[in-house]
Structure formats: structure tokens, C-alpha cells
Asks: 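This structure is in C-alpha cells; I'll ask about it shortly.
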Amino acid sequence: MSAVDASLNTDHHRSRRASDAILLGLLASSIILTLLILLVILGVVTARGAGQVSWEFLSQPPREGLTGGGIFPAIVGTAALVLLMTIAAVPLGVATAIYLHEYTPAEGPRLAWSRWVASKGRHGRFALLRRFLSASLAVVVRSAVANLAGVPSIVFGLFGLGFFIQFIGRGLDRMTQPPGEIVWGQGSLIWAALTLALLTLPTVIVATEEALRTVPPDQREASLALGATRWETIRRIVMPASLPGILTGAILGISRGAGEVAPILFTGAAYYLPFLPQRVTDQFMHLGYHVLILSTQSPDVDATEPLLYGTVFVLLILTFLLNLTGVLIRARTRARLAGR
Amino acid sequence: MPMTIETQPSRLTPNAPSPAAGDERIANPKIDVRNLNFFYGDAHVLHDITLTVPEKQVTALIGPSGCGKSTFLRTLNRMNDIIPGARAEGVIAIDGRNVNDPGLDVVRLRRRVGMVFQKSNPFPKSIFENVAYGLRIGGLKNRGETIEIVEKSLRRAALWDEVKDRLNASAGALSGGQQQRLCIARALAVNPEILLMDEPASALDPIATQKIEELIYELKDNYTIVIVTHNMQQAARVSDRTAFFMLGKLVEYSDTKTIFMTPRERMTEDYVTGRFG
């Protein structure tokens with residue numbers, strides 16, 4: 001036996017190996033548990049909901065006091081809502097992230113301030129004051145974004161009601177409509193979409209900034225050294241290279257927004273509409289809200305239950321398709337950029 | 001070029017008046033740097049640099065890491081502008097015009113003064129699009145002309161024969177040496193007068209390095225080249241003039257042969273003979 005073996009305390013060694021095995025077991029079981037929960041949810045919903053899905057279910061409005069018919073208006077309403085929300089949230093979020101990452105100074109406001117102070121009497125020092133102001137604005141915007149992400153979604157709903165409907169909507173009505181006429185000052189697609197856009201914004205901003213950070217600085221330098229302006233560099237080099245990450249973030253935000261019910265409770269979702277929304281000022285039905293209504297407001301629970309499972313199944317499939325689209329777009333963009 | 005090194009004053013003391021006796025003998029100055037001081041925040045990185053770069057020759061900047069040679073190179077096309085807290089004081093005249101002027105259009109300057117970086121940094125685009133990039137941002141729309149300039153630039157960078165059949169392939173598929181020559185072609189496409197090279201061969205194998213050096217030798221017929229290098233042999237092989245930097249000061253600047261054979265400063269001799277570095 002060698003010296004190595006003599007120095008190895010066998011009991012101690014055994015207990016080390018045992019703790020290693022226990023830890024591995026714990027990790028494996030937590031993974032299995034997570035998968036199990038997901039499979040149970042998907043399994044139950046699919047088993048009880050998939051059978052409900054028929055052409056009639058997808059193409060008809062609800063009937064007989066929510067105990068029959070389909071969910072067509074809710075599908076259309078959800079799609080319209082998500083589309084409007086995307087149009088509002090993605091450009092604003094991407095623009096904010098570009099400003100934060102590409103245009104605000106890398107140094108914090110404190111350092112920028114001390115440089116401005118130290119530059120006393122020097123030529124061109126007002127650029128340093130501008131840097132300080134810009135750095136301070138970045139801090140304010142970043143903390144606003146972080147706080148926005150932590151706000152409960154029902155608060156967004158109340159905010160949407162108070163700000164968009166009562167303040168902006170009523171204001172628009174006063175200016176554009178005859179007295180007593182209400183067009184904008186009530187719950188509608190546009191206000192619900194804007195409320196959801198606010199909720200989605202932090203996700204889009206954070207993901208976009210993260211994506212911009214992955215573009216190597218030497219790419220920006222190469223472009224600038226060829227005489228490109230900052231904006232040309234962003235548009236032609238930084239944006240294309242960070243597109244997969246931006247898309248991922250946008251789609252994550254959109255999927256989250258698509259499933260949220262609380263923000264649209266007060267801002268435009270309707271209990272039941274026999275017709276489809278025609279204008280952005282119309283109310284709309286929504287799959288998530290429909291699930292809530294079916295499970296709490298039905299006059300006949302047994303008759304509604306199959307419809308409820310069918311609706312949940314459709315909502316899951318739509319979310320899944322949305323995520324799948326995101327993954328595919330990302331994979332294609334990555335493949336196009338590959339080789340570097 | 002006749003040089004009388006005995007008359008060249010030492011630049012070791014930053015506060016000494018900055019005579020440029022040696023430099024004045026250059027008949028064709030392309031870049032004329034006078035009393036350049038450079039700061040990163042409070043750190044004084046370059047001390048009173050005065051040096052003249054002759055047209056259509058290769059000027060090498062040598063010195064130990066952190067001596068400021070790369071910083072100096074990047075002041076010539078104002079690439080330090082993007083570094084927060086960076087500040088340059090002094091005159092950098094290119095063709096007689098001070099480019100270290102806050103009001104100067106850096107976009108225009110950088111089209112005249114091209115740059116090749118230490119790590120090759122092609123864009124994740126095709127070979128063709130990499131070279132065409134500078135033309136496109138310059139507003140060239142004519143397809144035939146673009147193709148013509150791309151080919152000419154790739155030929156000048158000695159890369160054409162290796163890539164002419166796969167111009168639409170991704171630049172990432174090229175070898176390290178080819179990527180660096182692609183970056184040189186990309187810089188040449190916008191037709192600069194000056195080419196700055198920041199250790200362009202330091203990440204390459206000896207054969208790729210040799211190709212880059214041969215290329216530099218050919219390019220000096222048409223371009224004024226300033227190259228930073230850590231490789232003494234490289235500086236001796238490719239350059240006409242050599243500047244030795246140390247701790248942010250220009251220790252000695254003369255024609256390359258003098259720097260390597262009969263340097264005036266002891267420090268220069270120690271460095272080029274490898275006694276420290």
C-alpha cells in the first residue's frame with residue numbers, strides 16, 4: 001500500500017462520497033419534480049380539453065349562457081390585443097434599451113460629476129456636464145424599469161383604468177366628442193393593449209440591453225474606424241448581431257403579456273360579446289379572461305367544465321405556438337449569423 | 001534620408017522645451033504631432049509627444065506594454081474619443097490641419113485615416129459585405145463600382161486569389177491570417193491616405209505574419225503607415241522609421257537603422273537588444 005492510501009481516511013472518504021451522491025439525488029429529484037408538475041398540468045389539460053376542440057368550438061361564439069358554443073371571439077380578441085401590445089411595447093422597449101446601452105455614458109453619475117468639477121477652466125468642459133446629466137438620466141430610467149418589473153399586475157390594471165381611460169380617454173372625449181358621448185373614455189382594446197405594453201416593457205428593455213451587451217466592442221470599433229457614425233454602427237452592426245437576443249426578449253415579454261388577465265380586467269375585457277371588435281375603441285373577449293369567467297360565473301358548472309378545459313387547452317397551444325415561433329426565428333437568425 | 005542623430009535632443013524630460021530638430025529634416029511630413037499630452041481621467045498617459053511621420057513610409061512604434069504607443073496611435077484617428085474621460089491636448093496636424101480639434105468631423109477624419117486592430121474583427125457578414133461596408137456607409141450605391149472597388153481592395157490586401165470564388169461566404173470561415181488581411185482590405189476600400197496598424201500580426205502564426213509584413217512593404221508605395229509592434233524583428237524588417245516609447249514618453253525617434261544599430265539612448269539600446277521589455 002502506498003503513502004497516498006495511508007493518508008486517506010477511509011471513513012471520511014466514504015462520507016464524502018455519500019454526501020456527493022445525496023446531493024446528486026436531490027438535484028435529480030428536483031428536476032424530475034418540475035417535469036412531473038409540468039407533465040401533469042399538460043396531461044390533464046390535454047386529456048380533458050383536446051377532445052373539446054372542434055371546428056365549431058373554434059369558430060362559434062359562446063351560446064346558452066356560457067354552457068355551449070365556442071370561443072371564437074375570445075381567440076380573435078386575444079390575437080388583436082397581443083398584436084396591438086407588441087406594436088406599442090417592442091419599438092419603445094428596444095429604443096429605450098438602445099438609448100441606455102449605446103448612448104448613455106459608461107461611467108456612473110458620481111464619476112461624471114467629479115470629472116465635470118475637476119475640469120474647471122478647461123476648454124470644452126460643457127460636454128462633461130452633458131455626460132453627467134445623461135448618466136443621471138440613465139440611473140433614473142434604469143431604476144424606473146427595475147421598479148416597473150416588480151409592480152403587481154393588478155396595479156397595472158388600476159393604473160390603466162385611472163390613467164388611460166379616466167384621464168386620457170375622458171380627455172379625448174371632451175375634446176373630440178359632443179357632450180355626453182363616450183368613445184374613448186371606456187374600456188377598450190387600445191387601452192388594454194397599452195396597459196399590457198407597460199407590463200411587458202421591462203422584459204423587453206432588460207432583454208434587449210442584455211443582447212446589446214453581447215455584441216463585442218471590437219465590432220463597434222471596427223465600424224467607427226471606417227468612418228461610420230454611431231447610429232450607422234448601431235443600425236448596421238449592433239442591431240443585426242443582437243437581433244436573436246432582442247427577438248427572444250420580445251417574445252418572452254409578449255407571451256407573458258398574452259396570458260395576463262389582471263391588467264385587462266378594468267381596461268376593456270368583456271364578459272360576453274356576440275360580435276368581434278371592429279375598432280380599437282371596442283371592447284373585446286379574451287381567452288384568459290374567458291377562463292376566469294367560465295370557472296366563476298357559470299350558471300351550470302357541469303355543462304361549462306368541458307368548455308373550460310377546451311379554452312385552457314387552446315390558450316396553452318397558442319402560447320406554445322408563440323414561443324415556438326420565437327425559437328424558430330431565433331434559430332434562423334443565429335444560423336444566418338453563424339460562422340464567426 | 002540623411003539623419004544626424006547627434007543633434008536629436010532627448011525627450012526624456014517632459015518639461016524640457018520640445019525641440020524637434022531631428023524631425024524637421026523630414027521633407028514630406030504627413031502627420032506632424034506637437035506637444036501631445038494625453039489623459040485618461042487623472043492619469044497622464046502621454047507626456048509631451050512631438051514627432052513627425054513622413055509620407056508613404058512605414059513608421060513603427062515600439063516600447064514595453066503600457067508605454068502609451070497604442071494610445072498614441074489611437075489619437076491619430078481620434079478613436080480615443082469613445083473612451084470615457086479620455087482627453088488629448090496638443091496639436092496633431094495631418095497635411096497641415098489640426099485634427100485634435102473638438103469641432104473636427106471625426107467621421108471624415110476616419111475615412112482618411114484607416115485602422116487595423118490587434119485582434120482581427122471582421123463583421124459577421126460575407127467577405128464581400130465586409131469590404132463593401134465602408135463604401136455603403138459612404139453612400140456608394142452603384143453596384144458595378146462597388147464590385148470593382150471590393151476586388152481592387154482584396155487584391156491590394158493580397159487576399160483576392162484566396163477568396164475570389166467564395167465572396168459570399170461568411171468572413172468567419174477564413175483563417176486568422178486571412179481575416180486580418182480582410183480587415184486590411186476593408187480599411188483600404190474607403191481609400192484612406194494613412195493606415196494605422198495596432199499590432200496587426202501579434203495573434204498570427206509566422207507564415208501569416210510574413211504575409212502581413214510583405215503586404216505592409218507593398219502598401220507603403222501608396223499609403224503612409226504607422227504600426228505598433230511588440231516584435232523587434234518586425235519593426236526592423238518593415239519600418240523606415242522607429243519611435244521608442246517608454247512610460248508615456250517618446251525616448252527616441254529616428255530612422256530604423258539608427259534605432260537598432262546605433263541608438264543614442266542607453267534605454268533604447270537595452271530595449272531593442274532585449275535586456276528588458
Side-chain angles (χ1 to χ4, degrees), chain A residues 102-119 122-128 130-132 134-135 138 214-244 333-340, chain B residues 39 41-42 74 77-79 81-87 89 101-103 105-127 129-139 169-174 179 183 186-192 195-196 198:
Chain A
E102 305 289 328
Y103 284 92
T104 59
E107 73 265 30
R110 201 180 296 175
L111 187 56
W113 175 254
S114 61
R115 284 202 179 121
W116 151 250
V117 171
S119 69
R122 204 182 292 146
H123 182 64
R125 68 191 290 253
F126 278 94
L128 292 172
R130 235 179 23 239
R131 279 190 86 88
F132 163 71
S134 179
T214 61
V215 180
D218 65 0
Q219 297 275 307
R220 292 184 179 80
E221 284 205 333
S223 173
L224 292 172
L226 286 165
T229 62
R230 193 145 62 158
W231 171 241
E232 284 165 342
T233 302
I234 290 169
R235 193 167 68 83
R236 290 175 182 262
I237 303 297
V238 178
M239 289 281 280
S242 54
L243 204 56
T333 338
R334 281 234 174 100
R336 201 160 51 77
L337 293 172
R340 187 183 148 71
Chain B
F39 306 84
D42 295 330
R74 292 166 63 99
N77 65 344
R78 296 275 296 273
M79 280 305 278
D81 283 18
I82 57 179
I83 297 168
R87 178 162 56 86
E89 288 172 0
D101 167 1
D105 181 1
V106 291
V107 166
R108 198 166 284 179
L109 170 70
R110 288 171 189 161
R111 293 182 80 82
R112 288 176 60 205
V113 185
M115 188 161 206
V116 176
F117 296 85
Q118 178 173 8
K119 191 168 150 263
S120 65
N121 51 3
F123 300 128
K125 298 173 184 282
S126 70
I127 293 168
E129 283 304 321
N130 262 279
V131 184
Y133 181 79
L135 302 173
R136 298 210 194 287
I137 57 172
S170 167
L174 298 174
Q179 286 192 8
C183 292
R186 183 175 66 183
L188 295 181
V190 297
N191 201 22
L195 204 52
L196 309 177
D198 193 354

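Protein chains get the first letters and strands the later ones, always in sequence-line order, with residue 1 at the start of each.
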Asks: Which bit of B:R186 comes within less than 4.5 Å of chain A, counting heavy atoms only: side chain, backbone, both or neither?
Replies: both
Asks: Check whether A:R236 gets within reach of chain B through its side chain, its backbone, both or neither, counting any heavy atom under 4.5 Å.
Replies: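 Backbone plus side chain of A:R236, per the 4.5 Å heavy-atom cut-off to chain B.
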Asks: Under 4.5 Å from any heavy atom of chain A, what part of B:R136 do you find: side chain, backbone, both or neither?
Replies: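 Both backbone and side chain of B:R136 come within 4.5 Å of chain A.
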Asks: Under a 4.5 Å cut-off applied to non-hydrogen side-chain atoms, are B:M115 and B:M79 in contact?
Replies: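 A side-chain contact under 4.5 Å exists here.
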Asks: Going by the side-chain hydrogen bond (donor to acceptor under 3.5 Å, both in side chains) test, which pairs reach into residues 222-234 of chain A, not counting sequence neighbours?
Replies: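 Listed by first then second residue: A:S223-A:T233, A:S223-B:Y133, A:T229-A:E232.
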Asks: Could you look at B:V113 and say if it's the side chain, the backbone, both or neither that has a heavy atom under 4.5 Å from chain A?
Replies: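 Looking at B:V113, just its backbone touches chain A.
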Asks: Closest approach of A:L226 and B:R111, non-hydrogen atoms and distance?
Replies: O-NH1, 3.4 Å
Asks: B:D101: what forms a salt bridge (Lys or Arg N to Asp or Glu O under 4.0 Å) with it, not counting sequence neighbours?
Replies: none
